**Q** 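One structure coming up, written as structure tokens, with questions to follow.
Naming: A, B, ... by sequence-line order, numbering from 1 per chain. Remember, it's a predicted structure, so these values are computed and weren't measured experimentally.
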Protein chains: 2
Amino acid sequence: MNEKQKARLLARAEILKALAHPTRLCIVEELEKGERGVGELTDLIGDDMSTVSKHLTVLKNAGLVSDEKRGTAVIYRLRVPCVMNFMGCVEAVLTHRLNEQIALVTGS
Amino acid sequence: MNEKQKARLLARAEILKALAHPTRLCIVEELEKGERGVGELTDLIGDDMSTVSKHLTVLKNAGLVSDEKRGTAVIYRLRVPCVMNFMGCVEAVLTHRLNEQIALVTGS
DNA sequence: AGAATACTTGGCTAATATACCAAGTAACCA
DNA sequence: TGGTTACTTGGTATATTAGCCAAGTATTCT
């Protein structure tokens with residue numbers, strides 16, 4: 001494998017890593033519905049606001065969300081439209097896995 | 001957020017986490033081309049075979065690949081057809097990000 | 001200016017992840 | 001049966017992540 005390919009894989013992996021946390025997935029799903037302030041997301045998630053803020057930084061660094069200051073509030077929004085497709089595929093993996101487990105239990 | 005939703009997000013995050021490593025992405029891309037033994041994947045990646053084997057275990061536990069013993073060899077194959085779609089979306093994020101960086105540099 | 005609101009950042013700890021080497025196991029071959 | 005091939009697993013060191021609390025910053029309100 002050459003350096004260029006390594007860099008490409010690393011870039012992709014970083015985006016996946018940014019999404020690979022329940023809280024961050026929750027944020028992304030919520031932002032699909034529309035822009036939200038940090039306070040709203042914190043209420044939804046239930047962790048400390050500083051924790052939510054750090055998760056938002058991770059998503060921002062990955063290029064998945066953008067932020068904008070309005071008064072004292074900071075409003076976050078999704079920057080990419082396709083994250084849901086994405087999740088459709090993840091769901092397909094889960095379904096596939098579930099079907100197998102059922103097959104195991106029913107012994108077919 | 002209720003427990004059921006938390007479980008759903010956790011399940012999705014686990015799949016994303018399994019994909020969120022350059023070596024594992026490399027393995028998945030290679031397996032898109034066809035089934036491969038651990039040795040072949042090790043040659044491609046260049047890490048210790050034990051390291052590659054552990055990455056394969058992660059992918060297997062996530063339900064993304066399956067394995068089969070043939071003689072002394074262990075052959076891995078992809079279990080889900082859609083991982084590439086998936087990556088198409090990741091690529092879209094990268095392109096989006098790149099365009100912005102270009103816009104920044106050219107000052108438009 | 002001083003207080004309040006809405007975040008972000010720093011500091012810390014605990015948990016997880018990753019890589020290597022060495023040792024163990026399973027199937028085949030001589 | 002003993003050796004070889006092809007992996008996997010255990011052990012260990014290091015690095016990264018995630019959470020909370022406390023402190024810092026920016027904007028608005030009085």
**Q** Rounding to a whole Å, what distance do you find between Ile45(A):CD1 and dC7(C):P?
**A** 12 Å
**Q** With nearest nucleotide decided by heavy atoms, which residue, Glu40(B) or Arg70(A), maps closer to the 5′ end of DNA chain D?
**A** Glu40(B)
**Q** Which nucleotide, dT5(C), dG19(D), dC7(C), lies nearest any side-chain atom of Thr72(A)?
**A** dT5(C)
**Q** Let me know the distance between CG of Asp48(A) and P of dT9(C), rounded to the nearest Å.
**A** 15 Å
**Q** Please tell me if the side chains of Thr51(B) and Ile45(B) come closer than 4.5 Å, counting only heavy atoms from C-beta onward.
**A** no
**Q** How many Å lie between NE2 on His21(A) and C1' on dT17(D), as a whole number?
**A** 8 Å
**Q** Let me know, please, whether Asp47(A) or Gly71(A) comes out on the 5' side of the other along DNA chain D by nearest nucleotide.
**A** Asp47(A)
**Q** Between the side chains of Arg8(B) and Glu3(B), is the shortest nitrogen-to-carboxylate-oxygen separation below 4.0 Å, so that they form an ion pair?
**A** no
**Q** So, is Tyr76(A) near the phosphate of dA6(C), with a side-chain N or O under 4.0 Å from OP1 or OP2?
**A** no
**Q** Lys17(A) has a side chain; which of dC20(C), dT17(D), dC20(D) sits nearest to it?
**A** dT17(D)
**Q** For residues Val65(B) and Met49(B): do they belong to one hydrophobic cluster (side chain heavy atoms under 4.5 Å, members Ile, Leu, Val, Met, Phe, Trp, Tyr)?
**A** yes
**Q** Shared ILVMFWY cluster between Leu64(A) and Leu31(A), side chains joined below 4.5 angstrom?
**A** yes
**Q** May I have the distance from Asp43(B) (atom CG) to dT5(D) (atom P), rounded to whole angstrom?
**A** 15 Å
**Q** Can you tell which of dA19(C), dC21(D), dT9(C) lies closest to the side chain of Ser53(A)?
**A** dT9(C)
**Q** Please state how far atom CZ in Arg36(A) lies from atom C1' in dA6(C), giving the value in whole angstrom units.
**A** 17 Å
**Q** Expected output is a numbered-order residue list: members of residues 56-68 of chain B with a heavy atom under 4.0 Å from any atom of DNA chain C. What is it?
**A** none
**Q** Is there a donor N/O on one and an acceptor N/O on the other, under 3.5 Å, for the side chain of Ser50(B) and the base of dC7(D)?
**A** no
**Q** With distance as the sole test, does Thr42(B) use its side chain to make a donor-acceptor pair with the main-chain N or O of Val38(B) at under 3.5 Å?
**A** yes
**Q** Given dC21(C), dT9(C), dT8(C), which nucleotide is nearest the side-chain atoms of Lys54(A)?
**A** dT9(C)
**Q** Is any side-chain N of the basic residue among Arg12(B) and Glu14(B) closer than 4.0 Å to the acidic one's carboxylate O?
**A** no
**Q** Between dG19(D), dT18(C), dA27(C), which one does the side chain of His55(A) approach most closely?
**A** dG19(D)
**Q** So, Glu35(B) and Arg70(B), do they make that salt bridge, N to O below 4.0 Å?
**A** yes
**Q** Under 4.0 angstrom, heavy atoms only, what part of the nucleic acid is Arg24(B) near: base, sugar-phosphate, or nothing?
**A** sugar-phosphate
**Q** Are Val74(B) and Ile27(B) co-members of a hydrophobic cluster defined by side-chain heavy atoms under 4.5 Å apart?
**A** yes
**Q** Name the nucleic acid region contacted by Lys69(B), choosing base, sugar-phosphate or nothing; use a 4.0 angstrom heavy-atom cut-off, strictly under.
**A** sugar-phosphate
**Q** Tell me which nucleotide among dC20(D), dA19(C), dC7(C) gets nearest to the side chain of Met49(A).
**A** dC7(C)
**Q** Please state how far atom CG in Leu16(B) lies from atom P in dT16(C), giving the value in whole angstrom units.
**A** 19 Å
